[in-house]
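So the structure is just underneath, and the comments pick up after that.
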Amino acid sequence: MQRMHIHGGRRLSGRIPISGAKNAALPALAATLLTGETVSLRRLPNVVDIRTMTRLIANIGSNVEQGGEGLSVQASGDLDPTAPYELVKTMRASSLVLGPLAARCGRARVSLPGGCAIGTRPIDMHLAGLRALGATIRQDRGYIEAVAPRNGLIGGRVSFRRPTVTGTEDLLMASVLAKGESVLENAAREPEVVDIASMLRKMGACIEGEGTSTIHVQGVDQLHGADHAIIPDRIEAGTYLIAGAMTGGELTLEGSRPDHLRPIITKMRQAGCEIEEKDNGELVVRNDRALISVDVTTREHPGFPTDMQAQFMALMTQASGASNVVETVFENRFMHALELQRMGADIEIGGNLAIVRGKTALTGTDVMASDLRASACLVLAGLVARGRTVVHRIYHLQRGYEGLAGKLTAAGASIEIVDE
Ligand code: EPZ
């Protein structure tokens with residue numbers, strides 16, 4: 001295992017390139033299973049989860065070739081519609097192959113993903129949606145087996161009890177080859193859902209309404225190959241905006257989509273962060289004035305994203321006043337708060353509310369990463385803490401941030417990666 005040593009107190013200045021979005025690349029890789037023709041994907045981030053998903057689709061039978069610009073994938077020939085435990089246990093987003101395999105092969109056998117540090121994370125809505133499209137679902141020795149009717153999935157009405165990002169993506173991919181029309185109600189509206197819909201449309205799917213709560217799909221007989229560039233990662237971009245706001249320098253983000261960052265930028269500006277949106281799409285964050293505490297409640301898009309809650313909490317430790325941080329999406333997403341307390345932060349936790357009182361001077365110490373975004377929070381805290389912060393178990397970080405240490409070091413941070 002590896003750990004990250006961060007020597008805090010340095011101002012960050014410079015340019016940071018934003019990579020492709022992990023949470024758009026994962027459904028995009030799964031969607032390549034929907035056709036026997038070649039699909040080219042560009043701007044895939046070089047992170048562990050993408051390598052895991054690539055291994056999974058190759059395991060199923062896809063031919064995956066690394067090209068100059070990205071990956072070229074062809075799921076032709078015999079496919080083994082199985083997502084084995086060994087792969088799913090490392091990445092629960094493997095459940096994204098359920099829909100494509102049920103649609104393309106008529107059946108899917110996927111190891112039930114376990115929970116993780118932030119919650120139990122069931123997939124009951126994925127399964128209920130597949131049933132609504134005519135699939136029969138059964139559980140067998142830790143695996144979920146979905147079997148489509150003899151003539152394939154049948155278009156139907158999928159009504160989510162609450163918005164689910166990968167649930168919406170899974171059922172979108174299942175419905176594009178179903179017979180007849182499907183309607184996804186109370187669908188997730190995240191930019192990553194919009195991106196997978198645009199990719200599926202390039203492959204010949206008939207989809208309307210992505211980005212709203214109701215998505216209409218007219219099933220087609222088959223899909224064809226396409227070329228698709230993954231959208232930039234809004235959570236990575238938001239993380240670097242906070243890094244710039246906390247360290248008092250000037251960071252320019254290259255290649256992000258400010259329109260995907262609207263809830264993050266709005267909330268940061270309320271806290272006194274100076275964020276400039278340049279005509280060329282670049283974002284510049286400066287921090288030359290005191291930060292003020294603001295309340296934040298996480299919501300499904302277009303609300304403030306839960307994947308930015310931990311990072312925003314780090315920012316609030318450096319703001320004057322009390323900030324009420326309310327987490328409404330996951331049931332256990334304050335693990336990072338306990339580690340921030342060990343660095344000297346004044347945080348009171350009660351249920352899904354954390355009250356952060358600042359401004360507190362943080363002190364570097366040994367801290368433990370528990371999940372992807374908690375890791376990012378601890379790195380941000382380490383950037384401003386006095387002395388050295390050692391973040392343990394940074395494999396969590398490497399699952400979803402491409403070259404984070406390199407990007408921050410290039411902007412002036414003092415970071416080393418050390419083998420444990
Ligand atoms: C996606 O997870 C993201 N992952 C998560 O990002 C993100 O935090 C989450 O959406 C919310 O935005 C990927 O896209 C790969 P949900 P997902 O289904 O789809 C409950 C990161 O850091 N639920 O929208 O799994 C669920 O427990 C990761 O990059 C059910 O009850 O999240 C949660 O409380 C972390 N039954 C809520 O719904 C289901 O069948 C929303 O979860 C599905 C979900």
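Atoms within each ligand, like the ligands themselves, are counted from 1 in listed order. Just the heavy atoms: all of them, side chains too, but no hydrogens, waters or symmetry mates, feed the values below.
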Q | Side-chain ion pair, Glu192 and Arg234, N-O less than 4.0 Å | A | yes
**Q.** Glu208/Arg201 salt bridge by N-O under 4.0 Å criterion
**A.** no
Q) Taking the six-membered ring for Trp, is the centroid-to-centroid distance between Tyr85 and Tyr143 below 6.0 Å? A) no
Show the distances, to 0.1 Å, for all pairs joining an N/O atom of ligand 1 and a protein N/O atom that are shorter than 3.5 Å, listing one pair per line.
{"residue": "ligand 1", "atom": "2 (O)", "partner": "Arg121", "partner atom": "NH2", "Å": "3.3"}
{"residue": "ligand 1", "atom": "6 (O)", "partner": "Asn23", "partner atom": "ND2", "Å": "3.3"}
{"residue": "ligand 1", "atom": "6 (O)", "partner": "Asp307", "partner atom": "OD2", "Å": "3.0"}
{"residue": "ligand 1", "atom": "8 (O)", "partner": "Asp307", "partner atom": "OD1", "Å": "2.5"}
{"residue": "ligand 1", "atom": "8 (O)", "partner": "Asp307", "partner atom": "OD2", "Å": "3.4"}
{"residue": "ligand 1", "atom": "8 (O)", "partner": "Arg333", "partner atom": "NH1", "Å": "3.4"}
{"residue": "ligand 1", "atom": "18 (O)", "partner": "Thr164", "partner atom": "OG1", "Å": "2.6"}
{"residue": "ligand 1", "atom": "19 (O)", "partner": "Thr166", "partner atom": "N", "Å": "2.8"}
{"residue": "ligand 1", "atom": "19 (O)", "partner": "Thr166", "partner atom": "OG1", "Å": "2.6"}
{"residue": "ligand 1", "atom": "22 (O)", "partner": "Arg373", "partner atom": "NE", "Å": "2.9"}
{"residue": "ligand 1", "atom": "24 (O)", "partner": "Val165", "partner atom": "N", "Å": "2.8"}
{"residue": "ligand 1", "atom": "25 (O)", "partner": "Arg92", "partner atom": "NH1", "Å": "3.3"}
{"residue": "ligand 1", "atom": "25 (O)", "partner": "Arg121", "partner atom": "NH2", "Å": "3.1"}
{"residue": "ligand 1", "atom": "29 (O)", "partner": "Lys22", "partner atom": "NZ", "Å": "3.0"}
{"residue": "ligand 1", "atom": "29 (O)", "partner": "Asn23", "partner atom": "ND2", "Å": "3.0"}
{"residue": "ligand 1", "atom": "29 (O)", "partner": "Arg373", "partner atom": "NH2", "Å": "2.9"}
{"residue": "ligand 1", "atom": "31 (O)", "partner": "Arg161", "partner atom": "NH2", "Å": "2.8"}
{"residue": "ligand 1", "atom": "34 (O)", "partner": "Val329", "partner atom": "O", "Å": "2.6"}
{"residue": "ligand 1", "atom": "36 (N)", "partner": "Pro122", "partner atom": "O", "Å": "3.4"}
{"residue": "ligand 1", "atom": "36 (N)", "partner": "Asp124", "partner atom": "OD1", "Å": "2.7"}
{"residue": "ligand 1", "atom": "40 (O)", "partner": "Pro122", "partner atom": "O", "Å": "3.3"}
{"residue": "ligand 1", "atom": "40 (O)", "partner": "Asp124", "partner atom": "N", "Å": "3.1"}
{"residue": "ligand 1", "atom": "40 (O)", "partner": "Asp124", "partner atom": "OD1", "Å": "3.4"}
{"residue": "ligand 1", "atom": "40 (O)", "partner": "Met125", "partner atom": "N", "Å": "2.7"}

Q | More than 12 heavy atoms from other groups under 6.0 Å of CZ on Arg357 | A | yes
Q. Using 4.0 Å as the upper bound for N to carboxylate O, is an ion pair formed by Asp419 and Arg3?
A. no
Q.
Is it the case that atom CD in Glu185 sees more than 12 heavy atoms from other parts of the structure closer than 6.0 Å?
A. yes
